[in-house]
Structures are given as C-alpha cells and as structure tokens.
Amino acid sequence: YNESMYSDTHFHLGYIIERSSADEAAKVLEAMAESNVYFGMDIGTKSTDLLARYCAIQECISMLNEAARKRVKGFLHFSAGIWPDPNAIRQRKESIEELKCEIKKFKELGQKVTAIGEGGLDHHWNPSGPDGRKEEDFDSELFKGEKELFLMQLELAKEEDLPFIV
C-alpha cells in the first residue's frame, strides 16, 4: 500500500469556483491534500483561461492551512489548451496566438505548463451544453477548421516539448 497513490489527471477547478464558490474549491483541494494526492491537473479549455485559472486557484490555496498549501503546491499542475467550440474553431489562428501569449506570461510568473490541451475533434452534439453544439452548426468548413485547430495544438505541444491532452 502506497499512501501517495491517488491522482486526478483531469479536473476543472475553475468550474467549481464559477458555479459554486472559491470556498468550495478550497474544500476540494483540502480533501485532495488530506488524501495524499500526488498529482492533479487543472485542465485548460480556452485560449485565455490559464492565468485566470491560476489566480483563482491561488486564492483557493491561500484559504488552506500551511500543511495543505504545501501539499497542494506539490501536486498541482496546469494544462493550457483550446477545446473546439465553434467560435474557437472559426478564430483558430487568433486563439492559438492568444494561447501562446498566455503560456509565455505563465512562464514569466515562474510557473510551468505541464501539457497542452484539452483539445480534440469533438463530434458530440449537446444543444443544452455550455456551448450549445448542434450538428447543423457544423458544415464542411467548420469540420476542416476543427481539424486545423487540433493540428495547430499538436504543433504547439511539439514546440513546447509537452504532451497533448485529447
């Protein structure tokens, strides 16, 4: 039995903060620290969300006791990526440039991006979901653009020498 055997390779702590509160997100981080999580990755989905996620999560960490803060800082990792919503696909060149800028600023803060993503080719239609994706929204041009956005993120992952989260 290894006391540090838990990991969470894919979470969106920002969603908890947005939909509930920073206090609730801090409780999640505290529970992870108490469970001896050794790796946890907060996943990026928008070209400009990395710095905002980092700052919001730092606020949550500041609510913890010193021991929990130390544990969380030891296991917490960040990815930066673009989930293929129709707007991001249409503005893929601008979105990639924004993402590169976010990563550069993050590095200037002394932080390290652990992976590029969450990205992919998402053909799941959920009109009631956050982006309202409907099959009829996706014509051949949008499908082509989605593939280009995917490949652009793969290229960025290569440039940054990072894994890509699909």
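All values derive from a computational prediction rather than experimental measurement.
- Annotation for Gly120 and Pro84: closest pair O-CG, 3.3 Å, computed over non-hydrogen atoms.
- Note on Ile57: it clusters hydrophobically with Phe106, by side-chain heavy-atom contacts below 4.5 Å among ILVMFWY residues.
- With Arg19 contributing its side chain and Ile16 its backbone, the two residues share no donor-acceptor pair below 3.5 Å.
- Across all their heavy atoms, Ile165 and Ala115 have their closest contact at CD1-CB, 3.7 Å.
- Closest approach of Cys60 to Ala22, counting heavy atoms only: SG-O, 3.5 Å.
- Taking the side chain as every heavy atom from C-beta outward, Met41 and Thr114 approach each other to under 4.5 Å.
- Taking 4.0 Å as the cut-off between side-chain N and carboxylate O, Glu66 and Lys70 do not count as a salt-bridged pair.
- Between Gln58 atom CD and Tyr54 atom OH the span is 4.0 Å, to the nearest 0.5 Å.
- Between Lys100 and Glu97, at least one side-chain nitrogen of the basic residue sits less than 4.0 Å from a carboxylate oxygen of the acidic one, meeting the salt-bridge criterion.
- Here Glu94 contributes atom CD and Asn87 contributes atom CG; the two are 9.5 Å apart, rounded to the nearest 0.5 Å.
- Between Ile116 and Ile103 there is a side-chain heavy-atom pair separated by less than 4.5 Å.
- No side-chain heavy atom of Glu59 sits under 4.5 Å from any side-chain heavy atom of Cys55.
- Salt-bridge check for Glu30 with Lys27: failed, with every basic side-chain N at 4.0 Å or more from each acidic carboxylate O.
- Heavy atoms from other residues, nucleotides or ligands lying under 6.0 Å from CD of Glu108 number more than 12.
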Side chain to side chain contact (heavy atoms under 4.5 Å, CB included) evaluation trace for Asp49 with Trp83: CA-CA 11 Å; Asp49 73 358; Trp83 185 79; over 6 Å; no

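- Formation of a donor-acceptor pair under 3.5 Å by the Glu118 side chain with backbone atoms of Ile43 is not found in this model.
- Listed here is the closest heavy atom pair of Ser47 and Ser95: CB-O, 3.2 Å.
- The shortest side-chain heavy-atom distance between Val28 and Phe11 does not fall under the 4.5 Å cut-off.
- Atom OG1 of Thr48 is separated from atom CD of Glu102 by 5.5 Å, given to the nearest 0.5 angstrom.
- A donor-acceptor pair under 3.5 Å is formed between the side chain of Gln153 and the backbone N or O of Ile82.
- Between His10 and His12, the angle of the ring planes goes over 60°, which puts this pair in the perpendicular group of the 30/60° scheme.
- For the pair Arg53 (side chain) and Asp42 (backbone), a donor-acceptor distance under 3.5 Å is present.
- Separating the CD atom in Glu146 from the CG atom in Leu121 is a distance of 5.0 Å, to the nearest 0.5 Å.
- Partner of Glu160 under the salt bridge (Lys or Arg N to Asp or Glu O under 4.0 Å) criterion, out of Lys104, Lys112, Lys107: Lys107 alone.
- From Asp139, atom CG reaches atom NZ of Lys144 across 11.5 Å, with rounding to the nearest 0.5 Å.
- Here the closest heavy-atom approach between residue Gly81 and residue Leu99 is recorded as N-CD1, 3.8 Å.
- The shortest distance between side-chain heavy atoms of Lys93 and Met152 falls below 4.5 Å.
- Side-chain heavy atoms closer than 4.5 Å link hydrophobic residues (I, L, V, M, F, W, Y) into clusters, and following such links, possibly through other members, connects Leu76 to Leu64.
- Under the 4.5 Å side-chain contact rule for hydrophobic residues, Leu29 and Met63 do not share a cluster.
- Transitive grouping of hydrophobic side chains (ILVMFWY, heavy atoms separated by less than 4.5 Å) brings Leu51 and Leu13 into a common cluster.
- Looking at heavy atoms from C-beta onward, Gln111 lies out of side-chain contact with His77 at the 4.5 angstrom threshold.
- Across all their heavy atoms, Leu50 and Ser79 have their closest contact at CD1-O, 3.8 Å.
- For Phe150 and Phe164, the ring centers are positioned less than 6.0 Å apart.
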Audit row: Val37, Tyr6, side chain to side chain contact (heavy atoms under 4.5 Å, CB included) steps and yes/no: CA-CA 5 Å; Val37 167; Tyr6 301 107; 4.1 Å; yes

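- Side-chain contact check for Arg69 versus Ile61: some heavy-atom pair is nearer than 4.5 Å.
- Using a 4.5 Å heavy-atom cutoff, the side chains of Leu149 and Ile96 are in contact.
- The CG atom of Leu142 sits 11.0 Å away from the CD atom of Glu148 when rounded to the nearest 0.5 Å.
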